[in-house]
Amino acid sequence: MKEAGQEINKHMKTIGLIGGMSWESSKLYYEFLNTKANEVLGGSHSAKCIMVSVDFADIERLTFKEDWNAIGELMKKAAQQLERAGADIILLCTNTIHLVSHYISENVGVPFLHIAATTGRSIKKVGLQKIALLGTKFTMEKDFYTKTLINDFGLEILIPKTKNRQLIHNIIYNELVQGQFTVVSKQKIIDIIKELQNQGAQGVILGCTELPILVSESDVDVPLFDTGKIHAHTAIELSLAIDLNNLSRI
């Protein structure tokens, strides 16, 4: 097994990460990548990766102004830094900022792995159809995320009612990205999940990479899809493939 792992490792690609949105979840990406790489390869193997981490305060300010073009330019610059540093594949370690992911995919010469695509693949793999989506208001209300899930994977998406969308949004920006994970907020998210489950949700996408720090599958009676973990694990699968040019299987 060790010999096989060493042979595969000769072909391991370098994963480029755009992090810092927030660093609370970016540190988990590093853990997910290395844990998965070691699980696959064994021994003392770890992932080959590079991270460019932005100042989230800048991103947050531009997000609230909905200056997506400015955010897109920052993402393009970060992606190009990663490409120059030798990244073979690029991940954006956040859900919401995938709203401007085209600034990355259109301006680098290496594959970009979209978080919604990896999540949709994971859901279809277990055979679920009606899925709830939690995240920032931008992720829940705009179509940049849901259109991938609906058009590419044929999923039916439920989102919380208006007041609950605002509640989740506030918890994310006022607490989670600042490293605050309270029992009170955890219970609020659990209650929202139960409400969505009563509406027919067969599973729930935790479409904010900080949400899995707050709530886990042991807290609810429905499968939860940790988008950051799914994203990172898929990247490891790809990093061990010989050809990264065809992402259709993802």
Side-chain angles (χ1 to χ4, degrees), residues 21-22 24-25 56-57 59-72 92 94-102 114-117 119-120 122-123 128-217 219-228 230-231:
M21 297 170 282
S22 67
E24 291 287 346
S25 61
F56 187 63
I59 305 300
E60 185 179 52
R61 173 176 51 81
L62 293 169
T63 299
F64 291 154
K65 290 171 60 179
E66 296 201 44
D67 190 348
W68 303 113
N69 289 331
I71 295 173
L92 178 56
T94 168
N95 286 273
T96 295
I97 307 305
H98 272 74
L99 194 155
V100 296
S101 63
H102 58 285
H114 198 292
I115 196 169
T119 300
S122 181
I123 293 167
L128 303 185
Q129 180 64 36
K130 194 170 186 178
I131 303 295
L133 172 64
L134 304 186
T136 66
K137 286 179 66 177
F138 307 113
T139 299
M140 292 185 287
E141 295 177 358
K142 294 182 181 292
D143 72 351
F144 72 96
Y145 203 93
T146 55
K147 69 182 179 183
T148 294
L149 299 172
I150 295 168
N151 295 343
D152 295 350
F153 299 95
L155 299 175
E156 182 180 350
I157 305 301
L158 294 176
I159 60 172
K161 57 190 177 185
T162 303
K163 72 172 186 178
N164 284 342
R165 294 200 297 270
Q166 187 63 55
L167 174 61
I168 297 167
H169 187 85
N170 291 343
I171 288 173
I172 291 169
Y173 280 105
N174 297 335
E175 299 178 24
L176 306 191
V177 300
Q178 298 179 33
Q180 299 174 30
F181 303 92
T182 69
V183 173
V184 171
S185 291
K186 177 177 181 174
Q187 189 58 53
K188 288 177 180 177
I189 297 297
I190 291 172
D191 290 342
I192 292 171
I193 289 173
K194 288 179 179 178
E195 185 173 315
L196 290 163
Q197 188 177 2
N198 290 336
Q199 294 173 30
Q202 299 170 307
V204 179
I205 297 169
L206 299 181
C208 164
T209 48
E210 287 80 25
L211 279 172
I213 306 174
L214 184 66
V215 62
S216 67
E217 281 198 339
D219 300 313
V220 294
D221 299 321
V222 66
L224 301 181
F225 293 87
D226 181 339
T227 53
I230 293 167
H231 202 199

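Numbering starts at 1 and runs along the sequence shown. Atom set for the values below is all heavy atoms of this structure, side chains included, hydrogens, waters and symmetry mates excluded.
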Test item: [X] side-chain N/O and [Y] main-chain N/O as donor-acceptor pair under 3.5 Å:
X: Lys130; Y: Gln199; answer: yes
X: Asp67; Y: Ala70; answer: yes
X: Gln197; Y: Gly203; answer: no
X: His169; Y: Lys137; answer: yes

Could you walk me through whether Trp68 and Phe144 pass the ring-ring contact (aromatic ring centres under 6.0 Å, His included) check?
CA-CA 13 Å; Trp68 303 113; Phe144 72 96; 7.9 Å; no

The residue among Thr94, Thr96, Thr227, Asn95 that forms side chain to side chain donor-acceptor pair (under 3.5 Å) with Thr139 is Thr96

Is a side-chain donor-acceptor pair under 3.5 Å present for Asn174 with Gln178?
no

Side chains of Thr182 and Ser185 only: does a donor on one sit below 3.5 Å from an acceptor on the other?
yes

Looking at Lys142 and Glu66, does any basic side-chain N land under 4.0 Å from a carboxylate oxygen?
yes

State, yes or no, whether a side-chain contact exists between Asp191 and Ile189 at a heavy-atom distance under 4.5 Å.
no

Taking the side chain as every heavy atom from C-beta outward, state whether Ile150 and Lys147 have any atom pair closer than 4.5 Å.
no

Nearest atoms (heavy-atom pairs only) where [X] meets [Y]:
X: Leu214; Y: Ile171; answer: CD2-CG2, 4.4 Å
X: Phe153; Y: Ala116; answer: CE1-O, 4.3 Å
X: Glu24; Y: Ile213; answer: O-CD1, 3.9 Å
X: Ala201; Y: Ala132; answer: CB-CB, 3.9 Å
X: Gln202; Y: Gln129; answer: OE1-N, 2.7 Å
X: Thr119; Y: Tyr145; answer: OG1-OH, 3.8 Å

Residue pairs involving residues 207-217 (criterion side chain to side chain donor-acceptor pair (under 3.5 Å); sequence neighbours excluded):
Ser22-Glu210, Ser25-Thr209, Ser25-Glu210, Ser216-Ser218, Ser216-Asp219

Run through Asn164, Ile193, Ile205 and flag the one making a side chain to side chain contact (heavy atoms under 4.5 Å, CB included) with Leu134.
Ile193

For the pair Thr63 and Glu60, evaluate side chain to side chain contact (heavy atoms under 4.5 Å, CB included) and give the outcome as yes or no after the intermediate values.
CA-CA 5 Å; Thr63 299; Glu60 185 179 52; 5.5 Å; no

Determine, stepwise, if the pair Phe64 / Tyr173 fulfils ring-ring contact (aromatic ring centres under 6.0 Å, His included).
CA-CA 10 Å; Phe64 291 154; Tyr173 280 105; 4.9 Å; yes

Evaluate the side chain to side chain contact (heavy atoms under 4.5 Å, CB included) criterion for residues Leu92 and His98: first the C-alpha distance (whole Å), next the side-chain angles of each, then the deciding distance (0.1 Å), finally the verdict.
CA-CA 7 Å; Leu92 178 56; His98 272 74; 3.6 Å; yes

